[in-house]
Amino acid sequence: MFLDQNQQLSFIKPSNYEISKMRIYKNDIGRIENMDYDKKSDSYICKSGKQLSFTHVRRSKSKTGYVSEKTIYRCEECKDCPYKKECIKGNNCKTPIEERNKVLSVAKTFLKYREEDLERILSDEGILLRINRSIQAEGSFGEMKKDMLFRRYLSRGTSNVLAESVLLAMAKNVNKLHNKIQKGKTGTHLFLLKSA
Ligand code: SF4
């Protein structure tokens, strides 16, 4: 939301990006990601073909003062469902599983941004930027630690450490510019994708 309000785009892998490709995640029938959503009735359809309908919106305030909103959906037909044990989580719940119904707590704003972010990182531009981040940012740390032998700060205190970091970054950039001039690669800041 902050980036959105400041007219910036993120190209950051969603936190569930890696795990979402795993079979265990894809087969988890209790996840909203594996249920169909019906926009018209604002409800989810589960593995049993039952509806999880909107019940209410729950708001909570974090320590920083941010008010988050969760939309709650509930299924009323879980009784005798053969998938109940797979679908309903929370083994520590005091209510016996036979008496429980599936409840979903959905952070719609978060899901919206996550979906948009995923779409961006999978686009050609997103792939190009991700590759460059791993080459350039990670590579820079490696160069500073291994080639420039920077293993620890020589000074103490926030402002001194900041000054040392700026000097280090300047040295790194001069090196980088020198290499680019030698290779005739000035004017390009991204490594292009190699086509197979
Ligand atoms: S437990 Fe309820 S929500 Fe889950 S699959 Fe069965 S009927 Fe659907």
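Order of listing sets the numbers, starting from 1, for every ligand and every atom in it. This structure is a prediction, so every number in the text was calculated from the model and none was measured.
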If you measure only the distance, is there a donor-acceptor pair under 3.5 Å linking the side chains of [X] and [Y]?
| X | Y | answer |
| --- | --- | --- |
| Ser53 | Ser43 | no |
| Gln51 | Tyr73 | no |
| Asn160 | Tyr153 | no |

For ligand 1, which atoms, with element, lie under 4.0 Å from some heavy atom of [X]?
| X | result |
| --- | --- |
| Cys81 | 1 (S), 5 (S), 6 (Fe), 7 (S) |
| Lys50 | 7 (S) |
| Glu77 | 7 (S) |

Heteroatom N/O/S of Cys75 within less than 2.8 Å of atom 8 (Fe) of ligand 1: no
Cys78 N/O/S atom closer than 2.8 Å to atom 2 (Fe) of ligand 1: yes
Shortest protein contact, atom 8 (Fe) of ligand 1 (heavy atom only): Cys46 SG, 2.3 Å
Protein contact of atom 3 (S) of ligand 1 - nearest heavy atom, named by residue and atom, plus distance: Lys102 CB, 3.4 Å
For the pair [X] and [Y], find out whether any cationic side-chain nitrogen is under 4.0 Å from an anionic carboxylate oxygen.
| X | Y | result |
| --- | --- | --- |
| Lys47 | Asp28 | no |
| Lys21 | Glu18 | yes |
| Glu98 | Lys84 | no |

Heteroatom N/O/S of Cys87 within less than 2.8 Å of atom 4 (Fe) of ligand 1: yes
